[in-house]
Student: 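A single structure is presented below for examination.
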Amino acid sequence: MTDETRSRQDRAVAKGTTSGTAVRGTMLGAMFLMATSAIGPGFITQTTVFTAELGAAFAFAILVSILVDIAVQLNVWRVVGVSGMRAQELANSVLPGAGYFLAALVVMGGLVFNIGNIGGTALGANAMVGLDVKIGGAISAMIAIAIFLSKRAGIAMDRIVVVLGLLMIAMVLYAAIVSGPPVGEALRQSVLPDDIDFLIITTLIGGTVGGYITYAGAHRLVDSGIPAPSACERSPAAR
């Protein structure tokens with residue numbers, strides 16, 4: 001564990017480990033940050049194309065990806081949460097230099113994905129209010145930069161991401177209901193599919209827990225200063 005990680009955890013423990021309300025708010029924000037990170041322009045495009053290609057059999061790919069996503073996220077949250085270390089710090093502690101390689105991969109992938117996210121917000125603004133896509137993209141990029149530059153943005157983000165996440169889920173549910181999908185057939189094909197495409201399943205898994213999405217929620221807990229159990233055990237108050 002790095003000195004920076006220890007000092008961050010010790011400061012959190014010294015403060016009395018944040019109030020229960022603050023911890024619940026941060027946890028909720030981290031959960032929604034993780035969940036909503038998976039729903040972007042790329043994910044929506046993929047699901048549209050794959051649904052047209054497989055039809056109701058796509059339900060099997062969705063079910064498999066959900067099960068894999070749950071397994072991956074539970075493991076990442078447990079390891080990062082218990083250690084109180086970011087993924088790259090953990091990787092470096094296991095194999096020196098591996099963390100830098102992991103960070104480089106996440107940065108490169110995140111750059112590509114976020115170009116798509118900015119493009120998606122630009123197209124969304126154009127569809128809603130007719131704003132030029134270049135202007136919409138520039139505005140959304142500036143808002144994102146301002147959030148990351150602000151030292152007090154973390155607390156606000158925990159609340160905003162929950163509200164926007166609920167809105168996003170409501171919109172997805174609305175689209176699913178009004179489109180009138182064959183629910184019975186989809187349920188059958190989720191366990192007895194007529195067609196199985198492992199490439200589509202792999203693509204779907206990569207789009208939901210690939211790259212920075214895997215660490216988004218767990219790293220938010222680390223950044224918030226919520227101490228790991230090991231840090232609590234070290235504190236005089238805990239003893």
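Everything numeric in this text was worked out from a predicted model, so none of it was measured.
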Student: Measure the CG-CG distance between L204 and D69 for me, rounded to the nearest 0.5 Å.
Tutor: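 If we round to the nearest 0.5 Å, L204:CG and D69:CG are 7.5 Å apart.
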Student: Carefully, step by step, assess R188 and D194 under the rule side-chain contact (heavy atoms from CB on, under 4.5 Å).
Tutor: CA-CA 10 Å; R188 183 188 71 81; D194 293 337; 3.6 Å; yes
Student: Using the rule that Ile, Leu, Val, Met, Phe, Trp and Tyr join whenever any side-chain heavy atoms are under 4.5 Å apart, tell me whether V133 and I115 fall into a single cluster.
Tutor: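 Shared cluster, no.
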Student: Output the distance between atom CD (E53) and atom OG1 (T48), rounded to the nearest 0.5 Å.
Tutor: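 That separation rounds to 12.5 Å.
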Student: Please find the pair of heavy atoms, one from A71 and one from N75, that lie closest to each other, and give the distance.
Tutor: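 Closest pair (atom of A71, atom of N75, distance): O-ND2, 2.8 Å.
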Student: About how many Å separate CG of L167 and OH of Y174, when rounded to the nearest 0.5 Å?
Tutor: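 Here the interatomic distance stands at 13.0 Å.
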Student: Which value, rounded to the nearest 0.5 Å, describes the distance between I200 atom CD1 and T51 atom OG1?
Tutor: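 Going from the CD1 atom of I200 to the OG1 atom of T51 covers 9.0 Å.
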Student: Count I, L, V, M, F, W, Y as connected when their side-chain heavy atoms are under 4.5 Å apart, and connections chain through other members. Are V79 and F101 then in the same cluster?
Tutor: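 No, V79 does not connect to F101 through the hydrophobic network.
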Student: When you group the ILVMFWY residues by side-chain heavy-atom contacts below 4.5 Å and let the links chain together, are I66 and F50 in the same group?
Tutor: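 Shared cluster, yes.
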Student: Would you name the heavy atoms of A186 and A59 that are closest together and state the gap between them?
Tutor: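 Taking every non-hydrogen atom into account, O-CB, 3.3 Å.
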Student: As a quick check of understanding, evaluate side-chain contact (heavy atoms from CB on, under 4.5 Å) for N126 and D132, giving each step before the final call.
Tutor: CA-CA 6 Å; N126 176 264; D132 182 87; 5.9 Å; no
Student: Can you tell me how far CD of Q88 sits from CG of L102, rounded to the nearest 0.5 angstrom?
Tutor: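 One finds 7.0 Å between CG of L102 and CD of Q88.
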Student: Between S190 and L63, which heavy-atom pair has the shortest distance, and what is it?
Tutor: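 Taking every non-hydrogen atom into account, O-CD2, 3.4 Å.
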Student: Determine the minimum heavy-atom distance between I118 and G137, stating which atoms define it.
Tutor: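 Where I118 meets G137 most closely, the heavy atoms are CG2-O, 3.5 Å.
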Student: Could you tell me which non-hydrogen atom of L131 sits nearest to which non-hydrogen atom of G136, and how far apart they are?
Tutor: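 Looking at all heavy atoms of both residues, the shortest contact is CD2-CA, 3.7 Å.
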Student: Between F58 and V191, is there a shared hydrophobic cluster once you connect ILVMFWY residues whose side-chain heavy atoms come closer than 4.5 Å?
Tutor: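 Cluster IDs for F58 and V191 differ.
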Student: So does P182 get a backbone contact from the side chain of E185, meaning a donor-acceptor N/O pair under 3.5 Å?
Tutor: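 Between the backbone of P182 and the side chain of E185 there is no qualifying donor-acceptor contact (under 3.5 Å).
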Student: Under 3.5 Å, is there a donor-acceptor pair between the side chain of N92 and the main chain of G99?
Tutor: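 Side chain of N92 to backbone of G99: a pair is present.
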Student: Would a hydrophobic clustering, with Ile, Leu, Val, Met, Phe, Trp and Tyr connected at side-chain separations under 4.5 Å, put I139 with V129?
Tutor: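 Same cluster: I139 reaches V129 through Ile, Leu, Val, Met, Phe, Trp or Tyr contacts under 4.5 Å.
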Student: Which atom names give the shortest non-hydrogen contact between S140 and T121, and what distance separates them?
Tutor: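 Shortest heavy-atom contact: OG-OG1, 2.9 Å.
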Student: I need the I201 CD1 to S65 OG distance, nearest 0.5 Å.
Tutor: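 That separation rounds to 8.0 Å.
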